[in-house]
Structures are given as structure tokens and as C-alpha cells.
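Below you'll find the structure, written out as C-alpha cells, and then a few comments.
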Amino acid sequence: MKPQRNEQVYSLIHSQEMVQYMWKYSIHKQSTQIPLSVAFGEDIDFSLLARAVNIEIERNDCLRLRIFREAGRIRQFFLSEYKLDRILVKEFSSKQEQESFFDNDASKKLRVFDGETFRVVFFRTANEKSGIYLLVSHMIMDFAAAFTFFKDLIAVYDSLKNGTDMPKPLSKYEDIIIKEQDNKELEDRISKQYELLKEKILPDRRPVYNGISGQKILERQRKLLHNKSLDIPHVYLPFRDATHLVKCRLNDKDSNVISEYIRNNNLSPEWVIQLAFRIYLSKINLHHNDSLLWVLCPRRRTVKEKRCGGTLASPLPWREILDDNKTFIETARQLGETQAFLFRNSDVPFTAVRHMERELYDYSLLQTANSMMFSYLPSSEGSFGEREFDFTAYNFGRYVMPVYALTMQDSVSKRFSFSYIHRISLTTDEDVYRFHDGVVRTLIAAVSHNEKTIGEIIKEI
């Protein structure tokens with residue numbers, strides 16, 4: 001879909017170039033789609049909600065962003081207006097039917113270059129909840145922007161229903177795109193951050209690949225390629241990117257114990273859960289304590305950016321070398337220091353970091369030491385007023401990394417949940433369940449005693 005009315009045309013900004021890079025390593029563009037739903041325990045008036053969606057499209061300019069190709073480059077522009085004439089409404093008789101329908105829809109490619117950058121579906125669940133499903137291109141929204149969409153949409157709906165003033169306007173994504181066009185100050189900042197990142201995260205010592213199925217992927221590829229010394233696998237395989245989604249939830253007892261530990265020790269849930277991932281990865285990978293994961297940095301520092309749609313998030317390499325003699329709490333705070341450093345230097349584009357990796361370690365285009373993408377979504381209690389809500393992610397069917405681990409704590413039940421989107425050519429569902437069970441054992445072992453060291457936890461689990 002190309003501009004028709006002399007709309008201003010823009011180049012992609014760095015965070016969008018990350019999406020374009022992912023397209024290069026998957027012929028299936030579903031790998032850059034975000035499928036989410038929110039369901040509420042009330043009967044929502046869908047005709048009124050449809051009006052709210054069209055108002056949201058006016059308020060949230062990323063929903064009017066369109067992508068096109070021009071002279072071999074991807075470019076973008078904003079429509080001045082756009083409306084949805086019809087929104088599909090689904091009635092589900094079971095949770096299985098609901099998840100099957102949305103998993104299937106999430107794996108259908110959005111026709112981004114034909115103007116289809118998102119899809120919306122309203123639904124009612126078997127237990128009489130009302131919900132909104134959004135499938136959106138990562139080129140126009142990241143996870144933070146998608147949650148902003150849901151929050152603002154419900155606020156608009158409430159204003160229509162109650163006859164009150166509209167909520168505070170959202171910030172414009174277009175303003176950020178304009179600011180990042182040919183911005184020398186930004187490029188100078190990126191250059192400085194690049195050197196800091198190179199020194200801190202990717203030192204001279206070559207990273208080790210720690211997979212969720214242990215050394216299985218490496219062993220398989222060593223045999224296939226007749227290369228016994230292969231230490232970094234080939235995982236960016238454009239044609240073999242089909243995925244399964246495995247969902248796991250901790251029970252109330254374990255969730256409460258972990259929550260109390262986090263609260264009593266003033267720790268971030270993200271540090272604690274991610275550290276459990278790293279400890280168990282070390283356990284099943286020949287006790288290699290050097291782990292490198294990709295994490296999504298939201299890059300929303302100001303109030304204006306936090307109230308903005310669009311794609312601003314950027315994946316960054318989070319490398320952590322564990323010390324067996326340090327306690328779990330000490331190491332969790334070490335992760336906090338690394339996170340603060342990454343967030344301060346989060347302007348470095350994914351493409352630049354990927355180039356840095358290949359330059360330092362002589363990787364091929366298909367190789368990486370990163371075993372997964374890890375994300376923790378903070379609990380969003382109060383995001384929808386007094387409403388209780390179910391927030392669900394679905395399987396988009398294709399992905400470029402071996403695993404995408406999405407973790408969060410439910411805002412109502414306080415249970416921790418884990419969603420693993422994994423490449424079936426590299427890992428099996430059984431691998432994922434085995435890994436998850438190990439992570440849970442690690443968490444329980446870690447929170448049972450404040451002075452327990454990393455080495456003691458690895459022996460215990």
C-alpha cells in the first residue's frame with residue numbers, strides 16, 4: 001500500500017529495522033507478529049466497543065501507520081484517517097476452542113504491504129467473559145504499545161458508556177519517527193553506547209551456547225556437519241522456523257513462596273526468574289556459567305514515550321557470568337546492575353549488536369550463542385480500573401530464535417506463568433517441559449534459604 005495523498009514518507013527507525021532484520025531470516029513473516037488478548041469478567045457492549053476501536057485508531061497514530069517498498073527499501077507513512085467497518089465477534093464454547101481459533105489466526109500472515117497491519121476480534125468465553133484479541137505487526141507495535149492499546153481502548157469505552165470526558169490523549173509515534181530521522185545526536189550517542197556495550201557485554205572471551213535442551217542441538221549439528229569442534233550452533237534457519245507454544249503456570253503455593261521471597265528481599269521478579277533460568281541452563285550445559293540471552297528493552301524512558309504506541313523496543317544481549325561462590329541474592333542484584341547498564345545503553349540497534357557479535361567471534365550469518373529471547377512482563381494491576389482481567393499470548397507459528405520465553409505474574413491470582421514459543425526443528429515439547437520443571441526446582445531451591453550459593457543450588461537441583 002503506497003501513499004496516495006502526498007503523505008509524508010519516512011525511513012524506518014532503528015527499532016523497526018530489527019523487525020526488518022527478522023524478516024530476512026524467516027520467509028514466513030508471522031515471526032514478527034504479536035498476538036494478544038485481554039478478557040474481562042463482565043458483559044461488554046460490543047457495538048459500543050466497536051465505536052471505541054475507531055476512536056482509538058484516531059487517538060493512536062501507529063494504527064494508521066502503513067508500510068511499503070520503494071526502490072528496494074522499506075518506507076512508511078501515516079494515513080490521515082482510517083476506520084474498521086466491521087469487527088468479527090466469536091462465541092466460544094470451551095477454552096480449547098478459543099485457544100485453537102486464536103493460535104490459528106495468529107499464524108496467518110498479516111498482509112502488511114497491502115495495508116493490513118493489524119486485526120481485531122471481539123469474543124465471549126465459555127465462562128461468560130468478554131474479550132478483545134489483537135494481532136498486530138511488530139513493525140508498528142511492540143508489547144508495551146500493544147498493552148497501551150488495550151488500556152486506552154477500555155478507557156475510551158468507559159468514557160462512551162458513562163458519558164464522561166475522553167481520557168488524556170496519547171503521544172504521537174510520528175513525533176518519535178520524525179525525531180529519529182537523520183539524527184546526528186542520536187547516532188553519536190549510539191556510537192558511544194556501542195563501545196560501552198562491546199566492552200561490558202561482549203568481552204574477548206568467546207560466549208558459550210547454553211541451550212534449554214542441553215548440548216543436544218550442538219551434538220546433532222556436529223554430526224551433521226562432521227565438525228567435532230563446533231561450539232556455536234546454526235540456529236537462524238529461514239526455512240525451518242515453525243514453532244509450538246508451551247504454556248506453564250506455577251501453583252498458588254509456589255507462587256506465594258516466590259512472591260514473598262521477592263518482596264522480603266526487595267528484588268525484581270525479572271532478576272529472580274531470569275537467574276533461575278541461567279542457573280538451570282548452567283546445570284544442563286556442562287556447568288558452563290557463562291550465559292548469553294537476548295532481552296527486550298522497552299526504550300520508553302519519558303512519560304511521553306510511555307504513553308505512545310509504535311515499536312520502540314530493542315533486543316539487547318544480556319550476558320552474565322555466574323560465580324558458584326556467590327549467594328543467589330548477591331547474584332540477583334548483580335543482574336539488576338547489568339539491567340540498569342543495558343537500559344542506559346539501549347539505543348544501540350539490534351543490527352549493530354549482531355554485527356558486533358559476528359565481527360568479534362567470526363560467526364556465520366546463521367550462528368549465534370544466544371539460546372533464547374527472554375521477556376518478563378510486569379504485573380499490571382489497576383491497568384483497567386477495578387476490572388479483573390486475563391491477559392493471554394498466542395503462538396504466532398514462526399520464529400527466528402530457538403526459544404522465546406515470555407514470563408509474567410498474573411495481576412489477580414498472583415500466579416507466575418511461563419509461555420515458551422520454541423522452534424520444533426531444534427527442540428521438542430518434552431525438552432521445554434523438562435526445562436521448565438528444572439527452572440521451577442531452581443526457584444524453590446533458591447528461595448528456601450537466603451545464604452544458599454549458586455554452586456549449592458546447582459548441586460541440589
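No experiment lies behind these values; they were computed from the predicted model shown. Hydrogens, waters and symmetry mates are skipped; everything else that's a heavy atom, side chains included, is used.
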- Message: Tell me whether Arg441 is salt-bridged to Asp437, with the criterion being a basic N under 4.0 Å from an acidic carboxylate O.
- Response: no
- Query: Can Asp175 and Lys304 be counted as an ion pair, charged N to O under 4.0 angstrom?
  - Reply: yes
- For the atom pair CD (Gln221) and CG (Leu366), what is the distance rounded to the nearest 0.5 Å? 9.0 Å
- Query: Do you know the tightest heavy-atom contact between Leu316 and Val348?
  - Reply: CD2-O, 3.9 Å
- Quick one: closest heavy-atom pair of Ala313 and Ser15, and the distance? O-CB, 3.4 Å
- Message: On the six-membered ring of Tyr420, is Lys247 placed so that its NZ or CZ lies under 6.0 angstrom from the centre and within 45° of the ring axis?
- Response: no
- For residues Leu360 and Met356, determine if any side-chain heavy atom of one lies less than 4.5 Å from a side-chain heavy atom of the other. yes
- Distance-only polar pair, side chains of Gln339 and Trp318, donor-acceptor under 3.5 Å: no
- Message: Assess, by modelled atom type and distance only, whether the side chains of Arg358 and Ser364 contain a donor and an acceptor separated by less than 3.5 Å.
- Response: no
- Look up atom NE2 in His355 and atom OH in Tyr363, then write down how far apart they are to the nearest 0.5 Å. 14.0 Å
- Message: Ignoring hydrogens and geometry beyond distance, is a side-chain donor-acceptor pair present between His422 and Thr427 at under 3.5 Å?
- Response: yes
- Query: Looking just at side-chain N and O atoms, do Ser171 and Glu305 make a donor-acceptor pair shorter than 3.5 Å?
  - Reply: no
- Could you verify whether a donor N or O on one side chain and an acceptor N or O on the other, from Ser130 and Glu42, lie under 3.5 Å apart? no
- Item | Salt-bridge contact Asp252-Arg415 (side-chain N to carboxylate O under 4.0 Å) | yes
- Message: With no hydrogens and no angle check, just 3.5 Å: does a side-chain donor-acceptor pair link Thr327 and Glu330?
- Response: yes
- Task: Give a yes or no on whether the backbone of Arg240 and the side-chain of Arg423 come within a donor-acceptor separation of less than 3.5 Å.
- Result: yes
- Message: Distance to the ring centre below 6.0 angstrom and angle to the axis at most 45 degrees; does that hold for Lys200 and Phe341?
- Response: yes
- Working to the nearest 0.5 Å, report the span between CG of Asp410 and CG of Asp390. 6.5 Å
- Keeping the roles fixed (side chain from Asn60, backbone from Glu56), state whether a donor-acceptor pair exists under 3.5 Å. no
- Message: I'd like to check Val440 versus Asp254 (side-chain heavy atoms, cut-off strictly below 4.5 Å). Are they in contact?
- Response: yes
- Item | Which atom of Asn265 lies closest to which atom of Tyr261, heavy atoms considered | ND2-O, 2.9 Å
- Item | Interatomic distance, Ile217 atom CD1 to Leu230 atom CG [nearest 0.5 angstrom] | 11.5 Å
- Go through the steps for Phe277 and Phe435 under the test ring pair (Phe, Tyr, Trp, His ring centres under 6.0 Å), then give the verdict. CA-CA 9 Å; Phe277 271 58; Phe435 174 76; 5.3 Å; yes
- Query: Between Arg278 and Glu320, does at least one N-O distance fall below 4.0 Å, as a salt bridge requires?
  - Reply: no
- Query: When you check the side-chain N and O atoms of Lys414 and Gln409, is any donor under 3.5 Å from an acceptor?
  - Reply: no
- Message: Regarding Arg301 and Asp347, does a basic nitrogen lie under 4.0 Å from an acidic carboxylate oxygen?
- Response: yes
- Item | Ionic contact status for Glu357 with Arg354, cut-off 4.0 Å | yes
- Message: Between Arg299 and Glu180 (salt bridge meaning N to carboxylate O under 4.0 Å), is one present in this structure?
- Response: yes
- Message: Once you measure the plane-to-plane angle for Phe92 and Phe101, does it fall in the parallel (<30°), tilted (30-60°) or perpendicular (>60°) bin?
- Response: tilted
- Item | Heavy-atom side-chain proximity of Phe143 to Leu406 below 4.5 angstrom | yes
- Query: Does Arg387 come within less than 4.0 Å of Asp158, counting only side-chain N to carboxylate O?
  - Reply: yes
- Message: Counting C-beta onward and ignoring hydrogens, is there a side-chain heavy-atom pair between Thr368 and Tyr209 closer than 4.5 Å?
- Response: no
- Query: Hey, are Glu116 and Arg119 close enough for a salt bridge, meaning a charged N less than 4.0 Å from a carboxylate O?
  - Reply: yes
- Query: Going by atom types only, do His288 and Gln215 share a side-chain donor-acceptor pair under 3.5 Å?
  - Reply: no
- Is it true that Asp231 and Arg206 have a side-chain N and a carboxylate O under 4.0 angstrom from each other? yes
- So, does Asn395 use its side chain to make a donor-acceptor pair with the main chain of Thr243 at under 3.5 Å? yes
- Task: Return yes if a side-chain donor-acceptor contact under 3.5 Å exists between Asp142 and Thr311, otherwise no.
- Result: no
- Message: So Gln76 and Leu12, do their side chains get closer than 4.5 Å, heavy atoms only?
- Response: yes
- Task: Flag the pair Thr331 / Leu322 as yes when at least one side-chain heavy-atom distance between them is below 4.5 Å, and no otherwise.
- Result: yes
- Between Phe384 and Phe40, does the ring centroid distance fall short of 6.0 Å? yes
- Note on the structure: Of all heavy-atom pairs linking Leu281 and Asn285, the shortest is O-ND2, 2.7 Å
- Query: Side chains of Phe374 and Ile273: closer than 4.5 Å at any heavy-atom pair?
  - Reply: yes
- Would you sort out whether Asn210 and Ser371 count as a side chain to side chain donor-acceptor pair (under 3.5 Å), showing the intermediate values? CA-CA 6 Å; Asn210 288 336; Ser371 57; over 6 Å; no
- Spell out, as yes or no, whether a donor-acceptor pair under 3.5 Å connects the side chain of Thr442 to the backbone of Gly438. yes
- Message: Donor-acceptor check, side chain of Lys452 to backbone of Ile457, threshold 3.5 angstrom: yes or no?
- Response: no
- Query: Taking side chain as C-beta onward, heavy atoms only, is Ser137 less than 4.5 Å from Phe118?
  - Reply: no
- CZ of Arg249: more than 12 outside heavy atoms within 6.0 angstrom? yes
- Item | Any donor-acceptor N or O pair under 3.5 Å, side chains Thr302, Lys306 | no
- Item | Interatomic spacing from CG in Leu312 to CD in Gln16 - rounded to 0.5 Å | 8.5 Å
- Task: Hey, could you give me the NZ/CD distance between Lys90 and Gln98, rounded to the nearest 0.5 Å?
- Result: 11.0 Å
- Task: Would you tell me whether Ser229 and Asn227 have side-chain atoms, one donor and one acceptor, within less than 3.5 Å of each other?
- Result: yes
- Task: Dump the intermediate steps for side chain to side chain contact (heavy atoms under 4.5 Å, CB included) on Leu197 and Gln193, then the final yes or no.
- Result: CA-CA 6 Å; Leu197 204 61; Gln193 291 181 9; 5.9 Å; no
- Task: Look at the aromatic rings of Phe102 and Tyr394 and report parallel, tilted or perpendicular, splitting at 30° and 60°.
- Result: tilted
- Message: Can you see whether Thr428 engages Asp431 through a side-chain donor-acceptor pair at a distance of less than 3.5 angstrom?
- Response: yes
